[in-house]
Structure formats: structure tokens, C-alpha cells
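Single-structure report; data block below.
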Amino acid sequence: MTDGNQRSVEIERTSAGEYDVRNVRGGVIPLGSGDDERFTPVELLLAALGGCSGIDVDLVTSRKGEPTRFLIRVRGDKVKTEGGENRLENLEVEFDVAFPAGEQGDRARAIVPRLIRQSHDKLCTVTRTVEAGTPVSTFEAGAVTSPQ
């Protein structure tokens, strides 16, 4: 992996069950277990799926015409397999977009289905990674020590 291609975040514990996710540009997202308003890891995965495709579609359509509505709904069923493994199934990304009447809106509307397909099939890194089933490595950075 080269530095130019690598993407990363850091997750820092702020208190029991509460964390802050930080990116290299200084952005922060609150993360939690679902006991409060903080996003859960599963919700962030769903947001990543919808956000990735949403950005793909929005960047191109908004050049043709400004949307009057641009909403993405992302759903999935959390299941436990027979082997006891937790995962999501039946992932869906639904686009609810509208453009004003007229030539610009017509041009934007006309390309939405193609852009959704392109995002799913080729452009969205998140969707492509989930569907490919990319392995995840986990490891400890260093020895855990306790004060004596």
C-alpha cells in the first residue's frame, strides 16, 4: 500500500462506549454503541454505502440541474448466521431525487439511472469493496502495559 493510495481514520475512546472518529483533515464523527445519538459502526457503514454513491450521482447531475430533493435511504438486515457470526444482508441503497421542470431538470433526470448503475458497478469504492468481500486484518500495535 502506498501513502498516496492509503486512506485512514483514527478512533479514540472518549469515555465508556463513546468514541470520536477522526480523519486526517480534522473531521470528527461521534461513534457509540447505540445507547445515545452517536452513530453506531453499522450506521456508519450504511452511511458510507449511500454517501459514496450519492456523491457520484450528485457531482454529475448537479452540473446539469440543481436538485429540488436529493435523499438517499440505505437499509440492511442485521442477522446472526448459524455459526454465530453477525453481519448485514439485503443491503439496499434507494435514491429519491427530484429536479425542477424544464430543460436543465430534464437533462439531470435523464442521467440518474445510468449514474446509479455506474456508481454501483464501477465507481463507488465502498460498494465495490463490500461486494468483493475484501479481507480485514486486525492486530495490536504494541504491548499493553499496566502501571505497577
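Residues: numbered from 1 along the sequence shown.
- Counting heavy-atom neighbours within 6.0 Å of Phe95 CZ, excluding the residue itself, gives a total above 12.
- By the criterion of side-chain heavy atoms lying less than 4.5 angstrom apart, applied directly or through intervening Ile, Leu, Val, Met, Phe, Trp or Tyr residues, Val21 is not grouped with Leu46; the two fall into different hydrophobic clusters.
- Distance CD/Glu131 to CG/Leu91: 8.5 Å, rounded to 0.5 Å.
- Taking each heavy atom of Ser119 and Asp56 in turn, the nearest pair found is OG-OD2, 2.7 Å.
- Residue Ile72 comes nearest to Gly54 through the heavy atom pair CD1-CA, 3.3 Å, listed as atom of the first residue, atom of the second, then distance.
- Rounding to the nearest 0.5 Å places CG of Leu88 at 8.5 Å from CG of Asp77.
- Within the 3.5 Å criterion, the main-chain N or O of Phe99 finds a donor-acceptor partner in the side chain of Arg109.
- Without hydrogens or angle criteria, Ser15 side chain to Glu18 main chain gives no donor-acceptor distance under 3.5 Å.
- One hydrophobic cluster holds both Val42 and Leu49 under the rule that ILVMFWY side chains link at heavy-atom gaps under 4.5 Å.
- Residue Val93 is not grouped with residue Leu44 when hydrophobic side chains (ILVMFWY) are merged at heavy-atom distances under 4.5 angstrom, including chains of intermediate members.
- Cluster annotation: Leu123 is not connected to Val126 through the hydrophobic network of ILVMFWY side chains, with a link wherever side-chain heavy atoms come within less than 4.5 Å.
- With salt bridges taken as basic N to acidic carboxylate O contacts below 4.0 Å, none links Glu10 and Arg22.
- Scanning both residues, Asp58 and Pro67, for their nearest heavy atoms gives OD1-CG, 4.4 Å.
- Gly65 approaches Ala108 most closely through the heavy-atom pair N-CB, 4.1 Å.
- At most 12 non-hydrogen atoms from other residues, nucleotides or ligands lie less than 6.0 angstrom from CD of Glu103.
- In summary, Asp121 and Arg114 do not engage in a salt bridge, as defined by a charged side-chain N under 4.0 Å from a carboxylate O.
- Using modelled atom types, one side-chain atom of Arg38 and one backbone atom of Tyr19 make a donor-acceptor pair closer than 3.5 Å.
- Between the side chain of Arg128 and the main chain of His120, a donor-acceptor pair closer than 3.5 Å is present.
- Atom CG of residue Asn86 and atom NZ of residue Lys80 lie 4.5 Å apart, to the nearest 0.5 angstrom.
- Here the straight-line distance linking atom CD1 of Ile116 with atom CD of Glu94 works out to 10.0 Å at 0.5 Å rounding.
- Criterion: ILVMFWY side-chain heavy atoms under 4.5 Å apart, direct or through other members. Under it, Leu45 and Phe39 are not part of a common hydrophobic cluster.
- Judged purely by atom type and a 3.5 angstrom limit, Arg7 uses its side chain to pair as donor or acceptor with the backbone of Asn5.
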